[in-house]
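So the structure is just underneath, and the comments pick up after that.
Because the structure is predicted, anything quoted here is derived from the model rather than measured. Note that these values count all heavy atoms, side chains included, but never hydrogens, waters or copies made by symmetry. Order of listing sets the numbers, starting from 1, for every ligand and every atom in it.
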Amino acid sequence: METTKKTVRVAVTGPAGQIGYSLLFRIASGAMLGADQPVELRLLERAESASSARLTGTMMELEDCAFPLLHGLSAFRDPVEAFRDADYALLVGARPRAPGMERADLLEANARIFMEQGRALNASASRDVKVLVVGNPCNTNAMIAMKNAPDLAARNFSALMRLDQNRAEAQLAKKLGCRVADIERVAVWGNHSPTMAADVSFATAKGEPVAGRLEAAWLADEFEPVVAKRGGAILAARGASSAASAASAAIDHMRDWALGSGERWVTMAVPSEGEYGVPEGMVFGFPCRTENGVARPVEGLEISEALRARIERNVAELALEAEAVKAFLP
Ligand SMILES: NC(=O)C1=CN([C@@H]2O[C@H](COP(=O)(O)OP(=O)(O)OC[C@H]3O[C@@H](n4cnc5c(N)ncnc54)[C@H](O)[C@@H]3O)[C@@H](O)[C@H]2O)C=CC1
Ligand SMILES: O=C([O-])CC(=O)C(=O)O
């Protein structure tokens with residue numbers, strides 16, 4: 001398609017990894033920002049030789065796709081250069097967990113990366129950059145990057161919980177025998193960890209509320225644990241953590257942030273401004289709506305006592321994670 005739109009800069013870290021291999025081709029094809037939006041990809045990878053070699057191969061394949069929208073492709077080792085004037089930054093590069101680990105076990109391994117990348121974004125990215133942190137534990141890593149970028153607005157930062165929403169919608173559609181597209185207003189609150197609160201209290205299928213059609217036992221014993229522990233189940237089955245589904249959710253997250261959600265609810269982990277009693281600055285999964293490039297939690301929802309307690313458990317867990325990474329905060 002002929003386009004007159006100005007090319008935007010999209011920085012992606014960890015492009016030689018598993019998620020990178022599913023993500024880059026979709027960004028370059030237009031799936032993230034639209035079929036009329038040319039993109040320049042700026043890829044930040046470690047110097048380590050296996051990663052460098054994989055990145056070279058991946059870039060060769062990107063060229064070979066001859067994507068009409070791919071107007072630039074370059075690799076960097078210095079985050080300040082990679083992020084220069086970036087309009088979008090997808091921070092994927094980080095260690096994934098191995099079998100037997102929880103995502104919080106990655107705190108120490110990955111915190112330094114997000115401190116350095118927050119500083120680099122602060123130094124060189126567009127002042128309107130939209131940052132999505134995928135690397136785990138993603139809520140706390142996003143908070144670290146945000147706090148290390150004091151000249152950028154907090155609302156430029158977010159973390160990926162769309163995968164949790166997508167998983168919840170898929171489980172619900174299977175249970176109700178309908179299509180995923182029939183389902184709306186599923187929310188996942190809190191931390192991208194087994195503590196997350198997958199919530200159907202506001203959900204509808206074909207416009208009708210679903211809560212009364214679902215047995216409490218199914219919700220408590222199947223739906224909630226399946227969604228919350230899906231990452232672990234995939235790791236056990238594949239021997240590697242989820243990748244294509246994570247990339248797909250990252251595309252969904254950025255597309256809806258950039259192009260607008262309309263009336264749909266989209267779960268994003270965003271810095272709280274005190275909504276629903278969540279402390280300010282905590283990067284927390286909320287049902288959001290996005291408009292003109294700004295994501296805001298849906299306000300004014302009546303929260304049940306049970307959901308309130310689950311939200312509080314997530315607040316407590318994120319406060320502990322923040323305490324553990326104090327050394328990486330300014
Ligand atoms: N939030 C979410 O829903 C999900 C998050 N994840 C997380 O995403 C992260 C990446 O996962 P995979 O792609 O499977 O891992 P991977 O190990 O296959 O790839 C990671 C890549 O990042 C690179 N990297 C490491 N440190 C870097 C740095 N400082 N700068 C630039 N690149 C760097 C590595 O060299 C490697 O190429 C992990 O932390 C994983 O836990 C994975 C699935 C879902
Ligand atoms: O579970 C993991 O380690 C990867 C991840 O975040 C997910 O699949 O949700």
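Proximity to S51 (heavy-atom distance under 4.0 Å) selects the following atoms of ligand 1: 35 (O). Distances below 4.0 Å separate heavy atoms of C138 from the following atoms of ligand 1: 1 (N). For ligand 1 and A246, the ligand atoms under 4.0 Å from any heavy atom of the residue are 43 (C), 44 (C). Remark: ligand 1 atoms within the under-4.0 Å shell around heavy atoms of L44 are 31 (C), 32 (N). Taking every non-hydrogen atom of N136 and a distance limit under 4.0 Å, the qualifying atoms of ligand 2 come out as 4 (C), 5 (C), 6 (O). Ligand-side atoms of ligand 1 in range of G14: 21 (C), 22 (O), 23 (C), 31 (C), 32 (N), range being under 4.0 angstrom from any heavy atom.
Summary of contacts: the protein heavy atom closest to atom 29 (N) of ligand 1 is I113 CG2, 3.6 Å. For atom 6 (O) of ligand 2, the closest non-hydrogen atom on the protein side is H192 NE2, 2.7 Å. Among protein heavy atoms, the minimum distance from atom 10 (C) of ligand 1 is reached at V92 O, 3.3 Å. Nearest protein heavy-atom contact of atom 5 (C) of ligand 1 is V134 O, 2.9 Å. In this structure, atom 23 (C) of ligand 1 lies nearest to the protein heavy atom E45 OE1, 3.2 Å. Atom 3 (O) of ligand 2 has as its closest protein heavy atom R97 NE, 2.6 Å. Considering only non-hydrogen protein atoms, atom 3 (O) of ligand 1 sits nearest to H192 NE2, 3.2 Å. Looking at atom 8 (O) of ligand 2, its nearest protein heavy atom turns out to be S242 OG, 2.6 Å. Ranking protein heavy atoms by distance to atom 20 (C) of ligand 1, first place goes to A94 O, 3.5 Å. In terms of protein heavy atoms, atom 27 (C) of ligand 1 is closest to R46 CG, 3.5 Å. When hydrogens are left out, the protein atom nearest atom 19 (O) of ligand 1 is G17 CA, 3.1 Å; that is the closest non-hydrogen contact. Remark: minimum distance from atom 5 (C) of ligand 2 to any protein heavy atom is reached at R103 NE, 3.4 Å.
Counting only non-hydrogen atoms, the option in L23, L132, I19 that gets closest to atom 42 (C) of ligand 1 is I19. Comparing heavy-atom distances from atom 17 (O) of ligand 1 across P15, P96, G93, A159 singles out P96 as nearest. For atom 41 (O) of ligand 1, the choice among L163, N136, V133 with the nearest heavy atom turns out to be N136.
When each of T140, N139, D164 is paired with H192, the side-chain hydrogen bond (donor to acceptor under 3.5 Å, both in side chains) condition holds for D164 and for no other. The side chain to side chain contact (heavy atoms under 4.5 Å, CB included) test with L91 is passed by exactly one of N141, L121, L160: L121. Among E317, R103, E321, the one residue that satisfies the side-chain hydrogen bond (donor to acceptor under 3.5 Å, both in side chains) test with S193 is E317.
Residues T13 and Q117 meet the side-chain proximity criterion, which asks for heavy atoms closer than 4.5 Å. Counting heavy atoms from C-beta outward, S241 and Q18 have side chains that approach closer than 4.5 Å. Side-chain contact check for P38 versus K5: some heavy-atom pair is nearer than 4.5 Å. Looking at heavy atoms from C-beta onward, P271 lies in side-chain contact with M146 at the 4.5 angstrom threshold. Annotation: side chain of K130 is not in contact with side chain of D87 (no heavy-atom distance under 4.5 Å). Contact annotation: the side chain of L307 never approaches that of Y276 to less than 4.5 Å [non-hydrogen atoms, C-beta and beyond]. In this structure the side chain of M32 never reaches within 4.5 angstrom of the side chain of R26, judged on heavy atoms.
For R289 and E291, the salt-bridge test fails: no basic side-chain N is under 4.0 Å from an acidic carboxylate O. A salt bridge is defined here as a Lys NZ or Arg NE, NH1 or NH2 lying under 4.0 Å from an Asp or Glu carboxylate O, and E208 with R213 fails to meet this definition.
Considering backbone and side-chain atoms alike, R95 places an N or O below 3.5 Å from some N or O of ligand 1. Residue T13 places no N or O, backbone or side chain, under 3.5 Å from any N or O of ligand 1. For a threshold of 3.5 Å applied to N or O pairs, the pair formed by Q18 and ligand 1 contains at least one separation below that value.
Ligand 1 lies within reach of S242, whose nearest heavy atom is under 4.0 Å from it. Distances shorter than 4.0 angstrom do not occur between any heavy atom of I234 and any atom of ligand 2. Using a 4.0 Å cutoff on heavy atoms, M101 does not count as a contact of ligand 2. Not a single heavy atom of K229 sits under 4.0 Å from any atom of ligand 2. The closest approach between a heavy atom of Q117 and any atom of ligand 1 is below 4.0 Å.
Heavy atoms of other residues, nucleotides or ligands lying less than 6.0 angstrom from CZ of R54 number more than 12. Environment of CD in E48: crowded, with over 12 heavy atoms of neighbouring residues, nucleotides or ligands closer than 6.0 Å. In this structure, E81 places its CD atom where more than 12 heavy-atom neighbours from other residues, nucleotides or ligands lie under 6.0 Å away. Open room surrounds NZ on K229; 12 or fewer heavy atoms of other groups in view lie less than 6.0 Å from it.
Residue-level proximity to ligand 2 for R167 is carried by the side chain, the only part with a heavy atom below 4.0 angstrom. Under 4.0 Å from ligand 2, not a single heavy atom of R230 appears. Counting heavy atoms closer than 4.0 Å to ligand 2, residue D164 contributes nothing at all.
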What's the verdict on side-chain contact (heavy atoms from CB on, under 4.5 Å) for M143 and M282, showing C-alpha distance, side-chain angles and the deciding distance? CA-CA 7 Å; M143 184 275 290; M282 188 172 266; over 6 Å; no
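Using cut-offs of 30° and 60° on the angle between ring planes, the pair F284 and F286 is tilted.
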